[in-house]
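Reviewing the structure listed below.
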Amino acid sequence: ANNILASWGGRVVLNSGAEINNFTNDHGEIIVYGGAVVNGFTQSAGEATFMSGTKIDSVYILGSGTVYEDVVLNDVRTGAYLKVSGGVLNNVQNLRSLGLYSGSEVNNLLIGDYITNSYASTYLYEGAVASNVEISSHSKLYISGGIAYDVQAGGVFSEIRVSSGGRLERAAISNNAFVYSYDGSTISNLTVYYGGFAEICKGEDIRVEKGGLVYVDAGAVGLKDITLAGGKMQLSGDDSNQAYIDEITFELSGRLADPLIDADISRITCSQYYLSVAEDNNSQEYILCSNSNGFSQSITVTNSMGDELGVLTASETLVGDRGKYSLSEENGQLLLNYTAFVVNEDISGLTATIKSAEELAAGESVTLTSVNYTVSDSQIGVFAGTNGVLDGGAANVTGNVAVTVTSTSGDGIGALYGG
């Protein structure tokens with residue numbers, strides 16, 4: 001049938017084998033089950049029930065609706081309350097209220113509308129799954145026993161709340177968006193960008209970018225690792241409670257005026273601290289913690305490749321391949337002073353020629369074609385010479401070779417000669 005209208009008090013039942021093109025429900029009732037198909041469904045008001053085996057394409061539903069097991073809805077817009085108990089929804093924009101129960105699934109979900117700021121809410125109860133979720137301004141996602149993957153909250157006052165049994169994985173928040181997790185919930189692969197806020201108690205792979213803020217629930221157990229990439233961490237809960245975290249990494253880049261841990265660090269039980277500074281960073285001072293309180297643990301320093309350069313404790317200095325690291329406590333703060341070395345490497349188009357009257361005939365030269373050089377503390381290192389003769393031998397250089405010339409006088413090196 002084509003172009004069907006159910007009006008005030010009207011009731012339409014579609015069962016196995018039925019196919020409708022363009023169905024409109026205006027204050028009526030529609031029941032679809034047993035494998036029926038509807039292509040184009042619009043409900044301005046009324047009641048819709050979709051049951052086992054049905055398939056509905058292009059759905060715009062106001063009023064109330066219920067979706068049961070083995071139902072597929074594609075390209076859905078909701079403007080009232082839609083309850084899903086076991087069905088699958090693809091490409092959904094929820095403008096009002098959407099409830100997902102056990103066995104239900106939604107793929108590609110936009111909650112709310114950036115233009116109208118529509119205050120929409122989506123609820124994931126136990127056994128429900130949502131993936132590729134975007135939350136617009138003033139809208140909310142509640143995860144109570146369900147699971148949400150690949151979630152982005154970037155609208156102003158958008159919000160995610162994860163309660164007991166709920167899981168949030170691969171999420172990014174920014175621009176005055178909020179994430180709250182409660183006892184029994186788990187968050188993993190969360191990135192908090194500029195303007196974002198998260199309060200967490202259990203999870204792993206938490207990354208806080210510059211301008212982001214994370215509250216760690218003191219007293220909760222089960223938080224694996226936090227990377228403070230310019231963002232800030234604070235503690236919630238009673239001042240007598242400890243925050244338990246397996247690993248904390250300070251990832252430093254650019255100018256950072258604020259402390260990365262804005263709390264009493266003695267309230268944090270952390271198995272291992274790590275620290276890395278971006279390779280192109282300038283010399284400067286960082287506030288690792290606003291209240292060091294006699295910090296006695298060590299911090300493992302790594303480079304950009306994750307290689308360990310050494311270990312730092314308060315009042316110690318470590319010299320790495322690109323800079324010098326000094327850890328100190330001053331005025332109650334835990335500070336890192338970083339002194340960058342002058343480094344030049346991987347310069348495109350550089351050709352270095354080594355001259356030797358003993359090895360070369362008049363007018364000839366030896367050229368190294370893949371050259372990196374480092375200037376640091378009056379040292380010049382030449383790496384990976386791939387052509388020419390080394391140590392007076394007759395064979396070309398084919399492996400990884402390092403030739404280092406060091407100035408011991410402190411006056412520097414003006415020229416380099418040799419075979």
Pair Y194-S174, side-chain contact (heavy atoms from CB on, under 4.5 Å): steps then yes or no: CA-CA 5 Å; Y194 188 90; S174 61; 5.9 Å; no
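- A donor and an acceptor atom, one from each side chain of S163 and S185, are nowhere located under 3.5 Å apart.
- In this structure, T302 contributes its side chain and D307 its backbone to no donor-acceptor pair below 3.5 Å.
- Every side chain to side chain donor-acceptor pair (under 3.5 Å) that E19 has, sequence neighbours left out, goes to N39.
- In terms of the ring-ring contact (aromatic ring centres under 6.0 Å, His included) criterion, Y193 has no residue partners (sequence neighbours excluded).
- S136 places a side-chain N or O within donor-acceptor distance of the main-chain N or O of I111, the cut-off being under 3.5 Å.
- Annotation: side-chain contact (heavy atoms from CB on, under 4.5 Å) contacts of C289 (sequence neighbours excluded): I261, I265, L334.
- Figure legend: cation-pi geometry between R170 and Y149 absent, as NZ or CZ is not positioned both under 6.0 Å from the six-membered ring centre and within 45° of its axis.
- Of the possible donor and acceptor atoms, one in the side chain of Q297 sits under 3.5 Å from a partner among the backbone N and O of C270.
- Annotation: side chain of L335 is in contact with side chain of I287 (closest heavy-atom distance under 4.5 Å).
- Listed by first and then second residue, the salt bridge (Lys or Arg N to Asp or Glu O under 4.0 Å) pairs that reach into residues 236-247 are K224-D246, D239-R267, sequence neighbours excluded.
- The environment of Y142 atom OH is dense: over 12 non-hydrogen atoms of other residues, nucleotides or ligands sit within 6.0 angstrom.
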Test log, rule side-chain contact (heavy atoms from CB on, under 4.5 Å), inputs N281 and S253: CA-CA 6 Å; N281 227 58; S253 179; 4.1 Å; yes
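- N175 places a side-chain N or O within 3.5 Å of a backbone atom of G154 that can act as its donor or acceptor partner.
- In plain terms, the two heavy atoms of K83 and S85 that are nearest each other are CE-OG, 3.7 Å.
- I61 has its side chain within reach of L82: a pair of non-hydrogen atoms, C-beta onward, lies under 4.5 Å apart.
- Considering only heavy atoms from C-beta on, D183 comes within 4.5 Å of D217 through its side chain.
- For Y119, the ring-ring contact (aromatic ring centres under 6.0 Å, His included) partners are H138, not counting sequence neighbours.
- Between Q234 and D262, the side chains place a donor N or O and an acceptor N or O closer than 3.5 Å (distance only, hydrogens not considered).
- N331 contributes no side-chain N or O that, together with a main-chain N or O of Q333, makes up a donor-acceptor pair within less than 3.5 Å.
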Only distances under 3.5 Å count here; give the side-chain donor-acceptor pairs of residues 122-132 to other protein atoms, sequence neighbours excluded, each with its distance to 0.1 Å.
{"residue": "T122", "atom": "OG1", "partner": "N94", "partner atom": "ND2", "Å": "2.9"}
{"residue": "S131", "atom": "OG", "partner": "N107", "partner atom": "OD1", "Å": "3.0"}
{"residue": "N132", "atom": "ND2", "partner": "N108", "partner atom": "OD1", "Å": "3.2"}

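- Using a 4.5 Å heavy-atom threshold, the side chains of N74 and K55 count as touching.
- Shortest non-hydrogen contact noted between Y273 and S298 is CB-O, 3.9 Å.
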Pair S52-E69, side-chain contact (heavy atoms from CB on, under 4.5 Å): steps then yes or no: CA-CA 6 Å; S52 177; E69 187 176 1; 5.9 Å; no
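- Considering every non-hydrogen atom in both I135 and I160, the closest pair reads CD1-CG1, 3.4 Å.
- A pairwise comparison of heavy atoms in R255 and S283 identifies NH2-O, 3.8 Å as the closest pair.
- S64 and E47 share a side-chain donor-acceptor pair at under 3.5 Å.
- The CD atom of E204 sits 11.5 Å away from atom CD1 of I187, with the distance rounded to the nearest 0.5 Å.
- Counting only heavy atoms from C-beta outward, the side chains of N22 and N2 never approach each other to under 4.5 Å.
- Taking the six-membered ring for Trp and thresholds of 30 and 60 degrees, Y338 and Y325 have ring planes inclined between 30 and 60 degrees apart.
- To the nearest 0.5 angstrom, S144 atom OG is 12.5 Å from R161 atom CZ.
- Rounded to the nearest 0.5 angstrom, I226 CD1 and F250 CZ are separated by 10.5 Å.
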Steps toward side-chain contact (heavy atoms from CB on, under 4.5 Å) verdict (V208, K232): CA-CA 7 Å; V208 193; K232 183 183 294 187; 5.9 Å; no
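- Considering OG of S7 and CG of D26, their distance stands at 5.0 Å, rounded to 0.5 Å.
- Separating the CG atom in D57 from the CG atom in D75 is a distance of 7.0 Å, to the nearest 0.5 Å.
- Looking only at side-chain heavy atoms (C-beta outward), Y68 and T54 stay at 4.5 Å or farther from each other.
- Nearest heavy atom pair, residue L141 against residue A148, reads CD2-CB, 4.2 Å.
- Judged by distance alone, with hydrogens and angles left aside, the side-chain atoms of E329 form a donor-acceptor pair with the main-chain N or O of G294 at under 3.5 Å.
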Test log, rule side chain to side chain donor-acceptor pair (under 3.5 Å), inputs S326 and T317: CA-CA 4 Å; S326 298; T317 296; 3.0 Å; yes
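- Side-chain N or O atoms of N15 include none that pairs as donor or acceptor with a backbone N or O of Y33 at under 3.5 Å.
- Of the possible polar contacts, one joining the Q93 side chain to the G112 backbone as a donor-acceptor pair under 3.5 Å is found.
- Under a cut-off of 6.0 angstrom, the local environment of CZ in R96 is sparse, with at most 12 non-hydrogen atoms contributed by other residues, nucleotides or ligands.
- Within the 4.5 Å cutoff, the side chain of E29 has heavy atoms near those of the I31 side chain.
- Considering every non-hydrogen atom in both G99 and Y81, the closest pair reads N-CE1, 4.0 Å.
- Residue E199 places its CD atom among more than 12 non-hydrogen atoms of other residues, nucleotides or ligands, all under 6.0 Å distant.
- L275 has its side chain out of reach of L312: every pair of non-hydrogen atoms, C-beta onward, lies at least 4.5 Å apart.
- Expressed to the nearest 0.5 Å, how far CG of L252 lies from CG of L228 amounts to 9.5 Å.
- Here the side chain of S58 pairs no donor or acceptor atom with the backbone of G40 at under 3.5 angstrom.
- Not a single donor-acceptor pair under 3.5 Å links the side chain of T186 to the backbone N or O of K202.
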